[in-house]
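Convention: sequence-line order gives letters A, B, ...; per-chain numbering from 1.
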2 protein chains.
Amino acid sequence: MNQKKKQIIDAAQRLFIKKGFSSTSIQDILDEAEIAKGTFYNYFSSKNECLMAILELISEEIIQERIHLAYGKERDDESVFAAQMAVRFNIDKKHNLMALFSTVRGSEDKDLQAFLDKQYVMELHWVANRLKEIYGQEIDSLSYDYAIIFLGIVQQAAYVVKRTKPSIDQTEAMIQFSLNRISSLIETQSGVGNAFFHEEDFYKFLNVEEPSLDVLKQQIVETLNEINEARFPEKEYYAFIIEELQREKPRMVLLESIFLTLSKEVEGTINEGKIRKVSSLAWRLIEREKRKRLK
Amino acid sequence: MNQKKKQIIDAAQRLFIKKGFSSTSIQDILDEAEIAKGTFYNYFSSKNECLMAILELISEEIIQERIHLAYGKERDDESVFAAQMAVRFNIDKKHNLMALFSTVRGSEDKDLQAFLDKQYVMELHWVANRLKEIYGQEIDSLSYDYAIIFLGIVQQAAYVVKRTKPSIDQTEAMIQFSLNRISSLIETQSGVGNAFFHEEDFYKFLNVEEPSLDVLKQQIVETLNEINEARFPEKEYYAFIIEELQREKPRMVLLESIFLTLSKEVEGTINEGKIRKVSSLAWRLIEREKRKRLK
DNA sequence: AATAAAACTAGACTAACAGTATAAAGAAAT
DNA sequence: ATTTCTTTATACTGTTAGTCTAGTTTTATT
């Protein structure tokens, strides 16, 4: 990411945390970032867009952290899932984001609304798939029902906990509470009744086709090419990844491992952002491949 | 309620529905209500306060409607509860309030936040008590857990339904879905494990003591006295209520019936608002008495 | 090194807005 | 009849988002 843009985002984030979103004026951001107004509007067309950029970064951070947590562990390990769920709350806490998110939840800005809906559905997909991995493929048709119920419990519990016991960190306990309830639900009525929610519903409302595997691959290669320059020591990684993706059956295990190393390698460098992006693309690819092979 | 105040609230509500909360300026409200700026600030110190007044009215409307639905029915009738839950969604729909509520959910205004928290906790209390009535007093210690889970499911489902199938009215189906899940949860694990949430937690965070029965009675009498003027035909009702409340053991069944008739009687008159308020106070009183007698 | 293109700065400017203040007209109460 | 409260109309202050322009600095290209 561009240095100025990063500078703006950092400043904005500091201020949003400190003063809240709506009490932070654009002028405040200009002062904090020590840039001119024109520069700001060169990168963002509004405060909302700046906010979206921040939220996107955080979202990538969450995905990244979840990958690390899962690495090397069994996919049906419930405690891994619990830890992965906790990531969102911890990162929110770290960035004091709760307030930010809710600021934005009720915005009347169409773009922002669409952006949040999209993030929400991505989370929903992820939860549904993880539940399937943990409780078995037989819950398949009900996995979205369960995902919605689970997210409902977690969010509601978080809301209440935050207001009743803001001092103590109850994140773990709260997630465990929600997990107990959802697993109790799943165990007693798996396969019973019809699903109320279906995967297809979400594609429709997101207005996106699930991208094909080939499209995903191409996006990864493209992004890699953008950063693939001789002077970087990670050059071999990039070459390998691109090569591997061309294969008939890319060895996903290898790729997963490479991305993990790579994302540590570039931590703090200029490429961090792009690698994070490419890595989250790759993760989706890997997920999809695994699912395909299960069927 | 004062005529000018009502005029302002009506205008504001129309505009909030039409244009959204944050896109409605105070000037817009002045134009719509055909009043001067000074008048507005005479009644509300900000747009937020005006909004709170609107939300409060709606909240009373919901309580009122729920009372009507329950009247004469068994307290453990699940379908009554389903209908009562639907009230909130239908009224929200009627006033196009979904947007309004979420607009406000993330506000950084302290007062507004406190106001919403309070409304939320009142809803939570109500749900917890209704669940106890429906599924038996033995779920007692867990009733807040269940209430939170239930509200979580309902809200999440509503959020998703609104985005996936905004055209069809799925309110009933969605509530039934949530009810099925919560009753399945309750039946399979009632009495098992410790409660995660407790009634006391909410008193603490609301910074309110649960008002004593006497305080409730007093509030009712006071409000009644404010409207108890000779020229109103409902004079006998008021006198009777006040008298009945003085008794050692007020006959709650009588009072409930009187309030029901009374609230119909004053519909559309100048006293409607006050009666609604007094009626919701009385309802809490009646609830409390019934609970006391069960123990 | 010269030049062209871009990114950036500083600040002026407009328009919308919240909220305060005031003076005068009108209504209600005593 | 007089006082008190409410309402109006309008002016004023101060803040904000966003546009625009003219000039400067940085970066890439030849």
Side-chain angles (χ1 to χ4, degrees), chain A residues 1-13 15-16 18-54 100 103-104 106-113 225-231 270 273, chain B residues 1-12 15-16 18-54 100 103-104 106-113 226-227 229-231 270:
Chain A
M1 168 165 349
N2 183 296
Q3 192 259 327
K4 280 282 167 192
K5 192 171 176 182
K6 189 162 172 44
Q7 198 176 328
I8 298 172
I9 285 183
D10 285 351
Q13 199 169 349
L15 290 172
F16 290 166
K18 198 170 70 183
K19 315 179 31 171
F21 178 69
S22 52
S23 346
T24 300
S25 73
I26 288 184
Q27 190 57 53
D28 290 337
I29 300 175
L30 306 185
D31 296 344
E32 175 83 14
E34 295 178 309
I35 49 147
K37 206 163 202 173
T39 311
F40 180 89
Y41 281 99
N42 189 22
Y43 288 106
F44 308 102
S45 65
S46 69
K47 207 168 64 164
N48 273 347
E49 248 186 38
C50 175
L51 177 63
M52 280 193 260
I54 292 175
L100 230 178
T103 297
V104 122
S107 159
E108 284 157 21
D109 181 301
K110 278 274 173 233
D111 290 341
L112 202 45
Q113 199 53 252
N225 279 332
E226 280 175 46
I227 44 176
N228 187 8
E229 290 182 54
R231 57 188 143 120
I270 194 169
Chain B
M1 169 166 349
N2 185 296
Q3 191 260 328
K4 281 282 168 193
K5 192 171 179 184
K6 189 160 170 50
Q7 198 175 329
I8 298 172
I9 285 183
D10 285 351
L15 290 172
F16 291 166
K18 198 170 70 181
K19 315 178 33 171
F21 178 68
S22 53
S23 342
T24 300
S25 72
I26 289 183
Q27 191 56 55
D28 291 337
I29 300 175
L30 307 184
D31 296 345
E32 175 82 14
E34 295 179 309
I35 50 146
K37 206 163 201 171
T39 311
F40 180 89
Y41 281 100
N42 190 21
Y43 289 104
F44 308 102
S45 66
S46 69
K47 206 169 63 165
N48 274 347
E49 249 187 37
C50 175
L51 176 64
M52 279 192 259
I54 292 175
L100 229 178
T103 296
V104 122
S107 160
E108 284 158 22
D109 181 298
K110 279 273 173 234
D111 291 340
L112 201 44
Q113 199 53 252
E226 279 174 49
I227 44 178
E229 291 182 53
R231 57 189 142 121
I270 196 168

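Checked against side-chain hydrogen bond (donor to acceptor under 3.5 Å, both in side chains), B:S45 has the following partners two or more places apart in sequence or in another chain: B:E49. For A:D28, the side-chain hydrogen bond (donor to acceptor under 3.5 Å, both in side chains) test picks out A:K19, A:S25, with sequence neighbours left out. Listed by chain and number, the residues in a side chain to side chain contact (heavy atoms under 4.5 Å, CB included) with A:N42 amount to none (sequence neighbours excluded). Under the ring pair (Phe, Tyr, Trp, His ring centres under 6.0 Å) criterion, B:F44 pairs with B:F40, sequence neighbours left out.
One interatomic measurement links the two molecules: CZ of A:F44 to C1' of D:dT19, which rounds to 19 Å at whole-angstrom precision. Here the C1' atom of nucleotide D:dC20 and the CZ atom of A:F40 are 17 Å apart, to the nearest Å.
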For every nucleotide of nucleotides 5-22 of chain C, 5' to 3': is a protein heavy atom under 4.0 Å from its base (B), only from its sugar-phosphate (S), or from neither (-)? ---SBB------SBBB--
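Screening residues 30-43 of chain A for salt bridge (Lys or Arg N to Asp or Glu O under 4.0 Å) gives A:R14-A:E32 as the qualifying pairs, with residues at least two apart or on separate chains.
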